[in-house]
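Please read the structure below before turning to the comments.
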Amino acid sequence: MKKKKRFLSALLAAALVCTACPQSAQAVTFQDVPANAWYRSYVYDLVEKGVIHGTSATEFSPGKKLTRAAFATMLAQAALSEGDLRQYEFQGSFQDVTPKHWAYRYINWAAEAGIVSGYENKTFRPDKPVSRQEMAVMTVNFAKATGRQMNAIKEVFAFTDSGSIARFAASSVRICQQAGVMVGDKVGTFRPNDTATRAEAATMYSNFLKNCQIGTYKVVRKRVFTTPVRAVEFSSSDYTPQLIMGHDRVTGAESPTSIVNRTEAKIAVNAAFFDMSSYIPLGTLVKDGQVLTVADRYAPARSALVVDSSGHFSIQNFTTNHTVTLHKADETDSVLYGVSVNRSPSSATDATRILFTRAWGKSLGFPAKDAVTLAEDGTILDIAKDTDVQIPETGYVLAQRSRRKYEGDFFDSCALGAVLDIERVFEGAGSQDIQISIGAGPRIVKDKAVYGGLSTYQAEGYTDPGITTYEALRVCFGIKADGSLVICTAYATLAQMSKIMVSFGCTDAINFDGGGSANLYVDGQWLRGPQDRPLNSTLIFK
């Protein structure tokens, strides 16, 4: 008899969930919802939306208590599809929420998404009535977990029983009150420890859906192919992208928190790989149409995220070529091909010709065998040999650490006042109009399908099994056909990330730096991080 009673109680609990089994809106009249009831309009608002139903065909049971499990379920069903929920059919971390509990899937998601928490003894107490202050905390956490905006539309109101509101709930109660989601009673009390009724839950939920919409971005916290992911989706037209270097230098090293704070970024994600010892980027980077650094060892196989002047995002493969031409006094030209930008010579005998800008620093940092200081228009301002050289605020320094066996006459022919022409070509790119480029990779989605494998990863220069094969903490950037963007982070293999990005609807996707560099910030919260490792480059949106 007791077993049957418990079974019936579980069925009743499931029936009490406001959003359980949404059905199409229909004409419904509840006998226990009087015409003058304060909650009537909220109940029928949700009925018309098809997201709430009664405990029977004619009763709503407005005074019945809502459990913690029932409220977690309400929130989960507002965010996940049935297919999403099937990813949570496992034994979670709470001892008293087993797969036998009717709400275990919903609670597993809410716990993993950071919406609910349990007690010190690792229990959740799913069948305990939810208090009003607990409901406030869960609501605010749900908004953060999904990107709903709880904007202040009402003045702060001091409840007469504010001293009874627990410290852990105080800020959530204030946010809910200012957002018009939860209000006090006629005498100005909030009643934080009172248990919430179905009528109160319907009122809160109706106000929440009306007042707290998804803004210009959507946060996603769910499992995809059993892998927990955290992601943000937004339209590229709603934001302006910027590539930010640590301390605004090519070899800068700046904490993710510092970068977010000083740039006032709305969304920020770590970008290209870099050498941990020198902080030199391992890929070509372009900022505001200017090449910051060139790393073409694996070009054009290595992929790059590209943004043009119209704000169009794409993933491209190209080689960055700089040619410097000296117009000599005898009206002949001397030309340097394959000139690099803002790179450190590998050794004292490295004869690479390199253009340096102030993004590199105030000086070269090494004794150059030949160095020519140029104005912004290419006019030669100074010529130096066998010494370190200061880099002008605007303009360039063209230098080489060592001379070649067949050097040519370029540097010996340089004279003060002569003019150098610097030509840049993105060979193989779809357009020369590149405002931002982040040489990262490998590419993992192409033409709406999973792309790549060990051979393509290695062709892009990635041979470390930690990148190519094993599970690791990763960050990936995807582009949808409509121009919207997806930034996703998960602990997974590249092959798994490929499938995940396709499931988000990406037509193209690329892997960014990961591991200790994995950081993803969205409007006041860190979906990943902030981690202790300083970053070299960060892609932000404002």
Side-chain angles (χ1 to χ4, degrees), residues 16-19 32-34 36-46 51-52 60-76 78 107 110-111 113-120 124-146 148-213 524-525:
L16 290 177
V17 179
C18 290
T19 57
D32 55 355
V33 179
N36 61 349
W38 58 267
Y39 51 81
R40 180 184 175 89
S41 62
Y42 305 108
V43 169
Y44 285 112
D45 172 52
L46 296 186
V51 296
I52 196 171
F60 181 72
S61 303
K64 284 199 175 287
K65 302 298 184 183
L66 197 73
T67 65
R68 285 165 56 82
F71 191 63
T73 300
M74 178 192 303
L75 299 177
I107 295 170
I115 296 169
V116 302
S117 58
Y119 297 87
E120 292 180 356
F124 181 70
R125 303 177 192 175
D127 301 318
K128 176 185 176 183
V130 66
S131 70
R132 287 171 53 79
Q133 65 181 1
E134 286 177 331
M135 196 159 62
V137 172
M138 293 182 193
T139 300
V140 171
N141 289 344
F142 176 76
K144 290 180 179 178
T146 58
R148 285 186 174 267
Q149 306 298 302
M150 297 192 73
N151 299 318
I153 60 175
K154 294 182 178 296
E155 295 292 332
V156 176
F157 178 81
F159 296 111
T160 58
D161 59 350
S162 59
S164 300
I165 299 174
R167 182 178 299 178
F168 76 87
S171 64
S172 296
V173 170
R174 175 181 53 78
I175 291 171
C176 285
Q177 179 266 313
Q178 287 193 272
V181 173
M182 298 181 72
V183 296
D185 55 26
K186 293 181 180 179
V187 296
T189 61
F190 182 74
R191 298 177 290 109
N193 295 306
D194 282 6
T195 53
T197 66
R198 283 172 51 83
E200 289 175 324
T203 301
M204 182 283 301
Y205 192 41
S206 177
N207 285 333
F208 179 75
L209 293 179
K210 179 178 67 175
N211 298 343
C212 306
Q213 304 287 326
Q525 64 171 317

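Since we're looking at a predicted model, the values are computed, not measured. Basis for what follows: all heavy atoms, side chains included, without hydrogens, waters or symmetry-related copies.
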Answer yes or no: is there a donor N or O on one side and an acceptor on the other, between the side chain of [X] and the main chain of [Y], under 3.5 Å?
X	Y	result
D45	S41	no
S206	A202	no
S162	A158	no

[X] vs [Y] side-chain heavy atoms within contact, under 4.5 Å:
X	Y	value
P192	D161	yes
K64	T197	no
M204	M135	yes
T67	K128	no
I153	Q178	no
V183	Q177	no

Quiz item: Which pairs pass ring pair (Phe, Tyr, Trp, His ring centres under 6.0 Å) with one or both residues in residues 158-181, sequence neighbours excluded?
Solution: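 Non-adjacent pairs meeting ring pair (Phe, Tyr, Trp, His ring centres under 6.0 Å): F157-F159, F159-F190.
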So, for [X] and [Y], which heavy atoms are closest and what is the spacing to 0.1 Å?
X	Y	answer
M150	C212	CG-SG, 3.8 Å
V181	T139	CG1-CG2, 4.4 Å
I107	P126	CD1-CB, 3.9 Å
A201	M74	CB-CE, 3.9 Å
F142	A78	CZ-CB, 4.0 Å

Quiz item: Does any pair with a residue in residues 162-183 pass salt bridge (charged side-chain N to carboxylate O under 4.0 Å, His left out), and if so which ones, sequence neighbours excluded?
Solution: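 Listed by first then second residue: nothing to list.
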Practice problem: Compute the centroid of each ring, for Y42 and then for Y205, and state whether the two points are separated by less than 6.0 Å. | Solution: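 Ring centres of Y205 and Y42 not closer than 6.0 Å.
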Kindly write out the residues that satisfy side chain to side chain donor-acceptor pair (under 3.5 Å) with [X], not counting sequence neighbours, or none if the list is empty.
X	value
E200	R132, R191
T195	K65
K210	none
N193	Q133

Looking at [atom1] of [X] and [atom2] of [Y], how far apart are the two atoms once the value is rounded to the nearest 0.5 Å?
X	Y	atom1	atom2	answer
Y119	R125	OH	CZ	5.0 Å
D32	F60	CG	CZ	8.5 Å
I115	M138	CD1	CE	9.5 Å

Practice problem: Sequence neighbours left out, what passes salt bridge (charged side-chain N to carboxylate O under 4.0 Å, His left out) with R68? Give chain and number order. | Solution: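 Listed in chain order: E134.
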Self-check item: Non-neighbouring partners of A136 that pass side-chain contact (heavy atoms from CB on, under 4.5 Å), sequence neighbours left out
Solution: S172, V173, C176, M182
Self-check item: side-chain contact (heavy atoms from CB on, under 4.5 Å) partners for A37, two or more places apart
Solution: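 If we apply the side-chain contact (heavy atoms from CB on, under 4.5 Å) test to A37, skipping adjacent residues, the hits are P34, Y39, R40.
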